[in-house]
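See below for the structure under consideration.
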There are 2 protein chains.
Amino acid sequence: MAEQDGAEIATLIREINAGLNQRIRETFKDKPITPPQMMIIFMLAEEKRLKVSEISKKMSLANSTVSGILDRLEKQDYIKRVRSESDKRVVYVEATDQMKVIFDQHHQAMTEFLAYLVRDVTAKEFKTILDGLDILRNLVQTNGAKEKG
Amino acid sequence: MAEQDGAEIATLIREINAGLNQRIRETFKDKPITPPQMMIIFMLAEEKRLKVSEISKKMSLANSTVSGILDRLEKQDYIKRVRSESDKRVVYVEATDQMKVIFDQHHQAMTEFLAYLVRDVTAKEFKTILDGLDILRNLVQTNGAKEKG
DNA sequence: TACGAATGTTTCGTATGCGAATTATTATAA
DNA sequence: TTATAATAATTCGCATACGAAACATTCGTA
């Protein structure tokens with residue numbers, strides 16, 4: 001494959017990512033919650049308690065970025081930070097009762113959005129998407145330069 | 001398709017986009033140029049003259065975002081803004097001689113990076129990727145909710 | 001022609017998003 | 001045991017990134 005192909009793929013990914021974020025913003029445009037904040041809220045609805053670094057990893061974000069998002073979620077009283085007793089370097093993030101209310105309010109909208117997104121996708125198309133994304137993920141992984149001779 | 005599939009796809013896209021940006025940053029980490037700045041420089045190497053809105057569209061960014069990036073490129077004397085004579089609302093962006101120097105310096109690195117990215121991808125895999133991305137692009141397009149009866 | 005709508009860009013405020021440096025704590029080794 | 005390295009999170013400075021509002025200009029129409 002030549003570099004034009006790389007450029008084409010890169011542009012497409014950028015376009016799709018922008019489009020997806022746009023759709024999420026539209027879906028929640030009257031809600032006082034941003035996409036990454038939403039993502040953390042949904043993660044905490046499943047896990048109850050997460051380290052800051054676990055959130056960073058799951059979201060493919062730097063720790064410093066997540067720290068800032070948590071600041072704003074904490075200011076809105078949606079999450080709280082709890083120092084780990086066993087390892088005081090670790091900070092656990094937990095949901096507040098306030099957050100549970102927000103989650104219930106938005107759960108429906110998010111579920112509908114996600115279902116709507118793929119409403120017309122056939123099983124075959126879905127497999128094509130996942131296969132393509134899987135190849136791509138391996139390509140861009142930081143250790144993508146595998147020197148296996 | 002169910003909403004879990006939508007969530008899986010959304011997470012994958014986010015991950016791939018982050019990985020791609022990461023790789024680009026690594027490739028140019030010693031250069032005083034950021035990824036979106038690089039993209040504009042490469043666009044201007046092909047087109048000579050572009051409207052602000054054309055750049056926004058090609059990059060899937062808001063006009064206001066591009067305007068800020070152009071401010072910084074202009075401050076570094078890489079581009080200049082030229083008011084259109086025929087329509088004074090329009091601003092054309094053009095490359096400076098300084099920018100041409102930068103382009104020549106980085107062209108090689110970018111070309112190699114893009115070629116390297118897809119170096120082990122077979123033609124079949126490439127088709128799978130493009131097919132998947134094409135379906136996705138249609139899904140997330142703002143007018144994705146086509147009400148065609 | 002005049003005037004309100006539409007268009008293209010910029011400005012403003014705020015939220016990501018990153019890397020480097022910092023702080024606090026824990027693990028390792030001499 | 002104590003200096004050193006490693007780890008987890010935060011802080012800092014800066015560059016995206018967005019939408020809303022402002023601004024200038026052009027278009028459409030009465």
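These figures come from a predicted structure and were not determined experimentally. Lettering of chains follows the sequences in order, A, B, ..., and the numbering in each one begins at 1.
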Which whole-number value in Å describes the distance from Asp71(A) CG to dT14(C) C1'? 14 Å

Tyr92(A) OH - dT10(D) P separation (whole Å): 14 Å

Hey, does Ser60(A) reach any base, or is it just sugar-phosphate, or nothing, if we go heavy atoms under 4.0 Å? sugar-phosphate

Can you see if the side chain of Arg25(B) gets near the phosphate of dG17(C) - specifically, an N or O under 4.0 Å from OP1 or OP2? no

Measuring from Phe126(A):CZ to Ile9(B):CD1, what's the distance to the nearest 0.5 Å? 4.5 Å

Separation of dA20(C) atom C1' from Asn63(A) atom CG, nearest Å, is 13 Å

Once rounded to the nearest 0.5 Å, what's the spacing between atom OG of Ser67(B) and atom CD1 of Ile55(B)? 10.5 Å

Kindly say whether Thr122(B) contributes a backbone atom to a donor-acceptor pair with the side chain of Glu125(B) at under 3.5 angstrom? yes

How would you label the contact of Lys29(B) with the nucleic acid (heavy atoms, under 4.0 Å): base, sugar-phosphate, or nothing? nothing

If you restrict it to nitrogen or oxygen atoms, what contacts under 3.5 Å exist between nucleotides 27-29 of chain D and the protein, and what is each distance?
none

If you assign each of Ser86(A) and Leu61(A) to its closest nucleotide in DNA chain C, which residue comes earlier from the 5' end? Leu61(A)

Taking only side-chain nitrogens and oxygens of Thr65(A), does any of them come within less than 4.0 Å of OP1 or OP2 of dC18(C)? yes

I'd like to know if Arg81(B) pairs up with Asp71(B) as an ion pair, taking the criterion as any Lys NZ or Arg NE/NH1/NH2 lying under 4.0 Å from an Asp or Glu carboxylate oxygen. yes

From the set dA15(C), dG8(C), dT25(C), return the single nucleotide nearest to any side-chain atom of Gln37(A). dA15(C)

Among the nucleotides dA9(D), dT16(D), dT10(C), whichever has the atom closest to the side chain of Arg81(B) is dT10(C)

So, Lys80(B) and Glu74(B), do they make that salt bridge, N to O below 4.0 Å? no

Salt bridge check, Lys100(A) against Asp104(A): does any charged N sit closer than 4.0 Å to a carboxylate O? no

In whole angstroms, how far is the P atom of dA15(C) from the CD1 atom of Ile40(A)? 14 Å

Using a 4.5 Å cut-off on heavy atoms from C-beta on, say whether the side chain of Arg72(A) contacts that of Tyr78(A). no

Considering only side-chain heavy atoms of Ile69(B), which listed nucleotide, dT16(C), dG19(C), dA17(D), is closest? dA17(D)

Do side-chain atoms of Ser60(B) reach the backbone of Ser56(B) as a donor and acceptor pair under 3.5 angstrom? no

Rounding to a whole Å, what distance do you find between Lys31(B):NZ and dA15(D):P? 18 Å

Assign each of Val90(B) and Ala18(B) to its nearest nucleotide of DNA chain C by heavy atoms, then name whichever residue's nucleotide is nearer the 5' end. Val90(B)

Ser67(B) side chain: which of dC18(D), dT11(C), dT16(C) is closest? dT11(C)

Under 4.0 angstrom between Ser53(B) side-chain N/O and dT7(C) OP1 or OP2: no

From the candidates dT16(D), dT25(D), dG17(C), the one with an atom nearest any side-chain atom of Pro36(B) is dT16(D)

Decide yes or no, distance alone: a donor-acceptor N/O pair under 3.5 angstrom between the base of dG19(D) and the side-chain of Ser64(B). yes

Hydrophobic clusters here meaning ILVMFWY residues chained together by side-chain heavy-atom distances under 4.5 Å, can you tell me if Val90(A) and Val93(A) are in one? no

Please state how far atom OH in Tyr78(B) lies from atom C1' in dA15(D), giving the value in whole angstrom units. 15 Å

Consider the side chain of Thr34(B), meaning its heavy atoms from C-beta on, and name the nucleotide among dG19(D), dG17(C), dT16(D) that approaches it most closely. dT16(D)

Picking from dG19(D), dT10(D), dT16(D), which would you name as closest to the side chain of Gln22(A)? dG19(D)

Could you tell me the separation between the CG atom of Asn21(B) and the C1' atom of dT16(D), rounded to a whole number of Å? 10 Å

First of Gly68(B) and Arg83(B) reached from the 5' end of DNA chain D, by closest nucleotide: Gly68(B)

So which nucleotide from dT25(C), dG17(C), dG19(D) ends up closest to the side chain of Arg14(B)? dG17(C)

I need the CD1-C1' distance between Ile55(B) and dG8(C), as an integer number of Å. 13 Å

